[in-house]
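Notes for the one structure printed next.
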Protein chains: 2
Amino acid sequence: MKLVKIYECLCDETRLRLLNVLAQGPLCVCHFQAVLREPQVKISKHLAYLKQRGLVTCEREGNWMVYALPAKPPRELAANLACLQDCAGENPVFRRDLARLRKLAPKLSATGPSCCATVKTR
Amino acid sequence: MKLVKIYECLCDETRLRLLNVLAQGPLCVCHFQAVLREPQVKISKHLAYLKQRGLVTCEREGNWMVYALPAKPPRELAANLACLQDCAGENPVFRRDLARLRKLAPKLSATGPSCCATVKTR
DNA sequence: AAACCATATACCTATTAAGGAATATAGTTC
DNA sequence: GAACTATATTCCTTAATAGGTATATGGTTT
């Protein structure tokens, strides 16, 4: 994976927020909307951008699309995601997102992918 | 320093190469030209870009402009520069740049800023 | 199969950036 | 001060990206 391509993915705030949230576990688009409070198009397009460059994977579950970080990310990606985690803790926006995610968490399955689909089937 | 701004600086290959070389120590523009084998305008403009965003500092020494990484970079920057160093080692382009820098090194002062100016005055 | 839901895509506009050619600037040397 | 050197800036063209509105797609439910 080309280093520049990784950084291109990281140089947009919305995408940083998506990746920061994803570090906590897989999530579907509608939950991203709730956590980031951004319109569906915006979220969807940035996820598509990330997916095309291999920064995230996705899987359909019924009506929902569940996005996740790659299971075995290449070295450069792993390093940069770790670095992002390291830096994101200080930023209020990222912290607020994680707070909202946590408020959502009780409704999510503890075991399955943390998504609407899982919520529904339980 | 905003995280996104850092990544904006990192998402261009020329700038990555500049920063990779700078990790070895300060350097002037003409040496960057020799190491990267890129035209002066290109180097100069990318250095200006980096400087404006605080990723590098510069100081005039006679006719030469000596660029360097900031003495005390903010946490996020330090983390990302370290990460870059960690990743760059595998990339042939970065390695080749460092090899060219080393070939230049004997001509450079061991103590002062590794630049033409220093070379001249010794 | 029709209505419905979550998500993706197409199309548009505005902004940003990259690269090159030519020229300007700041400092040095004679 | 005139010629010279290293570097910066201006101007241009081209390409990429962000964001929004509207619409399409794929799967589900009734």
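Throughout, a chain's letter reflects where its sequence line sits, starting with A, and its residues are numbered from 1.
For B:His31 and D:dT7, the NE2 to C1' distance is 14 Å, given to the nearest whole Å. At whole-Å resolution of the value, OH in B:Tyr67 and C1' in D:dA6 are 11 Å apart. A:Lys45 places its NZ atom 9 Å from the C1' atom of C:dA10, with the value rounded to the nearest Å.
Sorted by residue number, the members of residues 7-17 of chain B with any non-hydrogen atom under 4.0 Å from DNA chain C read B:Asp12, B:Arg15. Of the residues in residues 46-57 of chain A, A:His46, A:Tyr49, A:Arg53 come within less than 4.0 Å of DNA chain D through at least one heavy atom, sorted by number.
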Sort me out a list of protein N/O and nucleotides 24-28 of chain D N/O pairs below 3.5 Å, or just none if empty.
{"unit_1": "D:dG26", "atom_1": "N2", "unit_2": "A:Asn63", "atom_2": "OD1", "d": "3.2"}
{"unit_1": "D:dG27", "atom_1": "N3", "unit_2": "A:Asn63", "atom_2": "OD1", "d": "3.3"}

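Of the candidates C:dT7, D:dT21, D:dA8, the closest approach to any side-chain atom of B:Met65 belongs to D:dA8. Set against C:dA10, C:dT7, D:dA6, the side chain of A:Gln33 has C:dT7 as its closest nucleotide.
When the salt bridge (charged side-chain N to carboxylate O under 4.0 Å, His left out) test is applied to A:Lys51, no partner is found at least two apart in sequence or on another chain. For the side chain to side chain contact (heavy atoms under 4.5 Å, CB included) test, no residue two or more places apart in sequence or in another chain qualifies with A:Arg95. By the salt bridge (charged side-chain N to carboxylate O under 4.0 Å, His left out) test, A:Lys5 pairs with A:Glu8, sequence neighbours left out. For B:Arg100, the salt bridge (charged side-chain N to carboxylate O under 4.0 Å, His left out) partners two or more places apart in sequence, or in a different chain, are B:Asp97. Shown here are the side chain to side chain contact (heavy atoms under 4.5 Å, CB included) partners of A:Gln85, two or more places apart in sequence or in another chain: A:Asn20, A:Ala23, A:Gln24. Partners of A:Glu76 according to the salt bridge (charged side-chain N to carboxylate O under 4.0 Å, His left out) rule, which considers only residues two or more places apart in sequence or in another chain, do not exist here. Every side chain to side chain donor-acceptor pair (under 3.5 Å) that B:Lys42 has, sequence neighbours left out, goes to B:Glu38.
Cluster membership for A:Leu19 and A:Met1, using ILVMFWY side-chain heavy atoms within less than 4.5 angstrom, is shared.
Counting atom types as modelled, B:Lys42 pairs no side-chain N or O with a base atom of C:dG20 as donor and acceptor under 3.5 Å. Residue-to-nucleotide contacts include a donor-acceptor pair under 3.5 Å from the side chain of A:Gln40 to the base of C:dA8.
Contacts classified as salt bridge (Lys or Arg N to Asp or Glu O under 4.0 Å) and involving residues 77-87 of chain B (residues at least two apart or in different chains) are given here: A:Arg75-B:Asp86.
No contact: B:Phe32 has no heavy atom under 4.0 Å from any strand. Residue contacts shown for B:Val29 are limited to sugar-phosphate atoms, with no base heavy atom under 4.0 Å away.
Heavy-atom contacts from other residues, nucleotides or ligands closer than 6.0 Å to CD of B:Glu59 number 12 or fewer.
Secondary structure note: stems in DNA chain C built from 3 or more consecutive Watson-Crick or G-U wobble pairs under 3.5 Å occupy C:1-30 with D:1-30.
Residues B:Leu101 and B:Leu27 have side chains in contact (heavy-atom distance under 4.5 Å, counting atoms from C-beta outward). Side-chain contact check for B:Leu3 versus A:Asn91: every heavy-atom pair is 4.5 Å or farther apart. Considering only heavy atoms from C-beta on, B:Leu10 comes within 4.5 Å of B:Tyr7 through its side chain.
Applying the 4.0 Å criterion to OP1 and OP2 of D:dA8, one finds that B:Ser44 has a side-chain N or O inside that range.
Of the listed residues (A:Glu13, A:Arg15, A:Arg17), just one forms a side chain to side chain donor-acceptor pair (under 3.5 Å) with A:His46, and that residue is A:Arg15.
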